[in-house]
There are 2 protein chains.
Amino acid sequence: MEKTDETGALRRAPSQKRSQERVERMLQAATALIEEGGSDAMRMGEVAERAGVSIGSLYQYFPDKGAIVRTLAERYNAEGRACIAEGLAGVRDMDGLLRAFGGLIDTYYGIFLAEPVMRDIWSGTQADKALRDIDLRDSRANGELLAEAWQRVARNNDGDDIRRKAFLVMSLGEATMRLAISVERAEGDALVADYKAMALREIGNA
Amino acid sequence: MEKTDETGALRRAPSQKRSQERVERMLQAATALIEEGGSDAMRMGEVAERAGVSIGSLYQYFPDKGAIVRTLAERYNAEGRACIAEGLAGVRDMDGLLRAFGGLIDTYYGIFLAEPVMRDIWSGTQADKALRDIDLRDSRANGELLAEAWQRVARNNDGDDIRRKAFLVMSLGEATMRLAISVERAEGDALVADYKAMALREIGNA
DNA sequence: TGCAAATGTGAGGATTGCTCATATTTAGTG
DNA sequence: CACTAAATATGAGCAATCCTCACATTTGCA
């Protein structure tokens, strides 16, 4: 049976307190290394050394290098999802939805700018199909959250249509963030603003 | 002095006819291998073997594995750019632009569906910063082409604004394609249609 | 205390991108 | 044709790195 939370990527769940702390140290070491040089330059031996752990222990919990990155990715995703759920929870009418969505974009962009690890992971610098699947599932989940609020306030209430559009809007939001952090700051800001206007028009239209 | 065409990624330009043909065979072998298992599973030794060439010859022309992928990517990009330039060349009014752009999206989507190598390269499965730069430059160039036509027919003619929006529209177009080929066909088609409607509204708005 | 299960270790196997000293082929010249 | 220099071709092997596995240690528990 698979666990559904972030530990799903683990080879073996640490049951004792000591090993739980060790796994946490491994993830912290990995985070630090990704901050310094990106996940591509992160070496498994270095992760083990920084965590004060043998290479064997590392592989006892993480089946491969990608699993570490995936675990971190799912943590960030879970945080983001919670943030989106909270932002959309109290939405009662279209105007509220538009304001909430606009605020979420700004928040997300701020996080993207501030979190080098998140940037690295989602910048396409990972040759890992499993990571793309995680990305896709995340967009779907976020799309569902948006669709839920959207359907509550839409005039024209075609469910499938709105769910699909919500999925697209969320996916393109991520794409815009990736694009924005690849160019100089001022242009990135303007691109995000353009996307936001476009997305709001799309939402307000239904 | 750098060459500006696709051979810019080469370590040494083949000047004799024999070596030109060999380089072409290397690229063909690489294409076949990517079609079979993706660029990640492509082995340099296998490329050399299939091309009927030694591993040393391969590295005489391509500085590293990524350079082969990059060379192929730039070929596809050049084709796409030519297609876009042609499609937008005769645009005289807003209505013509909207029709031309819509047609280009369909064409591009068709190519994406039909070309496994292009799909593989642009599916984010490449741990290569240089490839992301190529992607970015391609979107910029395509954005310039769109902006040129757009400015000709726009009522509100703010140059920088239109150029940036054209860049965004093109980038999100690529992102939509990537998304569309990651889901089942029917949903992908619908997503592309949604994007198209959104982009056309954005263009018609300026 | 004793034992089984959980956890920890690190030398080394295996893969693979890439180099370099050497050999062969081509183009050009007298 | 003979000769030379530049271009091109070769593949054994180096270096880096992910990951395994046989064995050692620690923990929970009766």
Side-chain angles (χ1 to χ4, degrees), chain A residues 3 7 9-30 33-34 36-72 125-131, chain B residues 3 7 9-30 33-34 36-72 125-131:
Chain A
K3 302 196 127 198
T7 57
L10 295 189
R11 165 177 278 171
R12 157 186 251 163
S15 70
Q16 301 177 2
K17 189 178 175 187
R18 176 181 53 142
S19 52
Q20 281 167 8
E21 288 168 352
R22 292 170 115 272
V23 167
E24 214 49 45
R25 280 216 308 280
M26 296 174 200
L27 289 171
Q28 280 169 15
L33 286 168
I34 292 174
E36 287 169 27
S39 57
D40 205 50
M42 179 185 86
R43 304 290 166 225
M44 292 302 269
E46 238 178 319
V47 174
E49 193 187 13
R50 283 232 195 166
V53 147
S54 74
I55 184 76
S57 284
L58 197 52
Y59 278 96
Q60 189 120 42
Y61 297 101
F62 298 96
D64 51 46
K65 182 178 170 179
I68 294 183
V69 178
R70 272 176 264 140
T71 301
L72 292 174
T125 170
Q126 260 299 328
D128 191 342
K129 175 169 168 26
L131 193 60
Chain B
K3 302 197 125 195
T7 57
L10 295 189
R11 166 178 277 171
R12 157 188 250 161
S15 70
Q16 300 177 0
K17 188 177 176 187
R18 176 182 54 143
S19 52
Q20 282 168 8
E21 288 168 351
R22 294 177 116 242
V23 168
E24 215 50 44
R25 280 215 308 278
M26 296 173 200
L27 289 171
Q28 280 169 15
L33 286 168
I34 292 174
E36 286 169 28
S39 56
D40 205 50
M42 178 186 87
R43 304 292 166 223
M44 292 301 269
E46 238 178 320
V47 174
E49 192 186 14
R50 283 233 195 166
V53 149
S54 73
I55 185 73
S57 283
L58 196 53
Y59 278 95
Q60 189 120 43
Y61 297 100
F62 298 97
D64 51 45
K65 182 178 169 178
I68 294 183
V69 178
R70 272 175 264 140
T71 302
L72 292 175
T125 171
Q126 259 299 326
D128 191 342
K129 177 169 168 20
L131 194 58

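Proteins come first, then strands; the chains are lettered A, B, ... in the order of their sequence lines, and each starts at number 1.
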Inter-residue atom distance A:Arg50.CZ - A:Arg43.CZ, 0.5 Å rounding: 13.5 Å

Reported CD-to-CG distance for the pair A:Glu46 and A:Leu33, which is rounded to 0.5 angstrom: 5.0 Å

Residue mapping more 5' on DNA chain C - nearest nucleotide basis, B:Lys17 or A:Arg12: A:Arg12

side-chain contact (heavy atoms from CB on, under 4.5 Å) between B:Glu36 and B:Met42, intermediate numbers included: CA-CA 9 Å; B:Glu36 286 169 28; B:Met42 178 186 87; over 6 Å; no

Exercise: identify the closest heavy-atom pair between A:Arg70 and A:Asp128: NE-OD2, 3.3 Å

Upstream residue (5' side of DNA chain D) when B:Ser54 and A:Gly56 are each assigned their closest nucleotide: B:Ser54

Touch class at under 4.0 angstrom, heavy-atom based, for A:Ser19 against every strand present: sugar-phosphate

5′-ward residue of the pair B:Pro63/B:Gln16 relative to DNA chain C: B:Pro63

From A:Leu58 atom CG to A:Arg25 atom CZ, the distance as rounded to the nearest 0.5 Å: 12.0 Å

Atom pair distance, as rounded to whole Å: OH in A:Tyr59 and C1' in C:dA11: 15 Å

Sugar-phosphate only, base, or nothing, as touched by B:Arg18 at under 4.0 Å among non-hydrogen atoms: sugar-phosphate

Rounded distance in Å - OH (B:Tyr61) to C1' (C:dG17): 20 Å

Atom-pair distance (CZ on B:Arg43; C1' on C:dG17), nearest Å: 10 Å

Span of DNA chain D in contact with chain B (heavy atoms, under 4.0 Å): D:dA7 to D:dA12

Touch class at under 4.0 angstrom, heavy-atom based, for A:Gln60 against every strand present: base

Spacing of B:Asp64 atom CG relative to C:dT16 atom P, expressed in whole Å: 17 Å

Global bending angle along the helix from C:dT1-D:dA30 to C:dG30-D:dC1, which compares the axes of five pairs at either end, to 10 degrees: 0°

B:Lys65 side chain reached by B:Val47 side chain, heavy atoms, under 4.5 Å: no

Nearest-Å distance for atom pair CD/C1', residues A:Gln20 and C:dG8: 16 Å

Between C:dG17 (C1') and B:Leu58 (CG): distance, integer Å: 11 Å

B:Ile55 CD1 to C:dT16 C1', straight-line distance once rounded to whole Å: 9 Å

B:Glu49 atom CD, neighbour heavy-atom count above 12 within 6.0 Å: no

Full working for side-chain contact (heavy atoms from CB on, under 4.5 Å) between A:Leu27 and A:Tyr61: CA-CA 11 Å; A:Leu27 289 171; A:Tyr61 297 101; over 6 Å; no

Heavy-atom closest pair, residues A:Ala41 and A:Gly37: CB-O, 3.5 Å

B:Tyr59 to B:Asp64 - nearest heavy-atom pair and separation: CE2-CA, 4.1 Å

Spacing between B:Asp128 atom CG and C:dG17 atom P, to the nearest angstrom: 14 Å

Under-4.0 Å side-chain N/O to phosphate OP1/OP2 contact, A:Arg22 with C:dT7: no

